[in-house]
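For reference, the structure discussed in these notes is given below.
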Amino acid sequence: MAATEDRVVLHERHTRLVCLDRHDRSVRWDVPIGTWPRAVVVTGDRCLVLPQDTDQLFCLDLPTGSVVWRAGLPQYSGHVVAIAETVVVGGWRGYTPMSAFDLKDGRSLWRTRRRMATVLPLPWDGGVLLGDGSEAWLIDPGDGRELGRWRLPEPLVETDGRPAFTTVGPDRCLVPCGPRSVVSIRLSSGLVERFFRHDADLSPSAAQFTGGVVWLREPGAGYLAVDPEAGSVLWNVDVRQPLVGEVVRDGEGFVVAGAGGLLFRLRSDGHVLERSSSVTRVAALRDLGAGETVMVTKGSLRMIAIDPYRRGE
């Protein structure tokens, strides 16, 4: 799923890509695109889709859903990121080379000679941040040349197709390393610092930076809230059921979702203020900004106004 100020684009019914209006929930367009995409990315007036069954990258016109261009890719390609007028693809699980295309017309810009492995890349200050093993490096999206490299104290956590890097300000990025650590890398100085180390294993996922707090997920039912500057624990959240989706802002507080269907409203210090049932199991929760949140449940997509709990389906 990908969202803009007025649209939500998501995959449904095995082979369809659908664009919904965020305001009235009408269907803007509904097109066949291939089975279960590895990526759906919206940038400007373009929507990039990487289905699993065609070995092609599709670029759609966001207002109409029509195909602007398509590019052939090696089998098992994965990871798609867009920055400025460039699309960078590849490196998922080390199956394919990295390559780049012009966003406007799909023209090939460059391709690595060999297969490369990287976690999901991150656009960062005009470059694209990659990582694998005990190294992270920044490349120029226009020609693929290396702009900077960081040596990590432990191997970077493999998150498969999910995010691994988290920016905290324009010059600093958090990287999960090993089972219990998060390190900070600096763009301007190339400095690598230990940001946080837990006394138990963390979930293999990226940190989340929301509401001025760094959120680290623990296996099972909990989050650690960490000060973004000091790297010290502010509080922990344990709702005694598996959590799904993102931590969402709610005024001065936050909202998290349990897989069992409950929304938990948290005070600014992490204390649970109230619980609200969503009736059905929750698969994902995503903050869209402007006080709105998308909640994905079995067979439905719900737009929620967090404060108060007003729902639209």
Side-chain angles (χ1 to χ4, degrees), residues 1-10 20-25 42 162-163 165-169 174 176 182 195-196 202-203 205-313:
M1 181 174 63
T4 68
E5 290 184 358
D6 57 358
R7 293 176 175 86
V8 175
V9 180
L10 71 157
L20 305 176
D21 188 291
R22 272 184 59 174
H23 305 296
D24 62 16
R25 300 181 294 280
V42 170
R162 294 173 289 116
F165 302 119
T166 306
T167 53
V168 183
L174 300 182
V182 178
F195 171 72
F196 179 81
L202 297 166
S203 292
S205 59
Q208 184 183 342
F209 185 48
T210 299
V213 176
V214 174
W215 299 83
L216 304 177
R217 182 169 288 189
E218 296 183 293
Y223 274 106
L224 291 174
V226 179
D227 184 288
E229 297 301 328
S232 56
V233 175
L234 299 172
W235 62 79
N236 69 308
V237 177
D238 186 354
V239 298
R240 300 189 179 183
Q241 65 174 272
L243 294 171
V244 297
E246 301 177 351
V247 179
V248 174
R249 283 300 304 271
D250 173 28
E252 296 300 316
F254 306 92
V255 172
V256 296
L262 288 178
L263 297 180
F264 297 88
R265 196 174 192 176
L266 311 178
R267 205 166 58 191
S268 59
D269 61 0
H271 177 76
V272 177
L273 288 175
E274 61 179 297
R275 296 166 174 81
S276 175
S277 175
S278 69
V279 181
T280 186
R281 294 181 65 86
V282 180
L285 193 70
R286 180 175 296 183
D287 192 345
L288 298 183
E292 292 183 335
T293 297
V294 162
M295 181 170 64
V296 181
T297 67
K298 185 177 181 180
S300 73
L301 187 73
R302 301 185 177 193
M303 189 80 74
I304 305 170
I306 289 293
D307 187 15
Y309 286 105
R310 296 187 300 270
R311 296 187 181 90
E313 298 184 33

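Note that the structure is predicted; figures quoted are calculated from it, not measured.
- Take R267 and apply the side chain to side chain donor-acceptor pair (under 3.5 Å) test, not counting sequence neighbours, and it matches D269.
- For F196, the ring-ring contact (aromatic ring centres under 6.0 Å, His included) partners two or more places apart in sequence, or in a different chain, are H198.
- Contact check for F264 versus V237: no side-chain heavy atoms found under the 4.5 Å cut-off.
- Between A206 and T166, the closest heavy-atom pair is CB-OG1, 3.7 Å.
- Side chains of L10 and V294 form no contact here, defined as non-hydrogen atoms less than 4.5 Å apart.
- None of D250, V247, V255, V272 except one satisfies the side-chain contact (heavy atoms from CB on, under 4.5 Å) rule with L266; the exception is V272.
- How far CZ of R25 is from CG of L20: 10.0 Å, rounded to the nearest 0.5 Å.
- Taken from CZ in R7 to NE2 in H23, the straight-line distance is 9.0 Å, to the nearest 0.5 Å.
- Scanning all heavy atoms of the two residues, the minimum distance from A225 to V213 falls at CB-CG1, 3.6 Å.
- Between G261 and V282 the shortest heavy-atom distance is CA-CG2, 3.8 Å.
- Between P219 and S203, the shortest heavy-atom distance links the atoms N-OG, 3.2 Å.
- Every pair passing side chain to side chain donor-acceptor pair (under 3.5 Å) that includes a residue from residues 223-246 is listed here, sequence neighbours excluded: R217-Y223.
- In this structure a side-chain-to-backbone donor-acceptor pair under 3.5 Å is missing from R22 to V8.
- Partners of T210 under the side chain to side chain donor-acceptor pair (under 3.5 Å) rule, at least two apart in sequence or in another chain, are Q208.
- Applying the salt bridge (charged side-chain N to carboxylate O under 4.0 Å, His left out) test to D6 and every residue at least two apart in sequence or in another chain returns nothing.
- Remark: the backbone N or O of M1 is paired with a side-chain donor or acceptor of R286 at under 3.5 angstrom.
- Checked against M295 for a side-chain contact (heavy atoms from CB on, under 4.5 Å), the options V244, L301, L263, V248 give a single hit: L263.
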query: Going through the distances and angles, do L224 and L202 end up as a side-chain contact (heavy atoms from CB on, under 4.5 Å)?
result: CA-CA 9 Å; L224 291 174; L202 297 166; 4.2 Å; yes
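- Partners of R162 according to the salt bridge (charged side-chain N to carboxylate O under 4.0 Å, His left out) rule, which considers only residues two or more places apart in sequence or in another chain, do not exist here.
- Nearest heavy atoms, L216 versus V226: CD1-CG2, 3.9 Å.
- Shortest non-hydrogen contact noted between A207 and V214 is CB-CG1, 3.8 Å.
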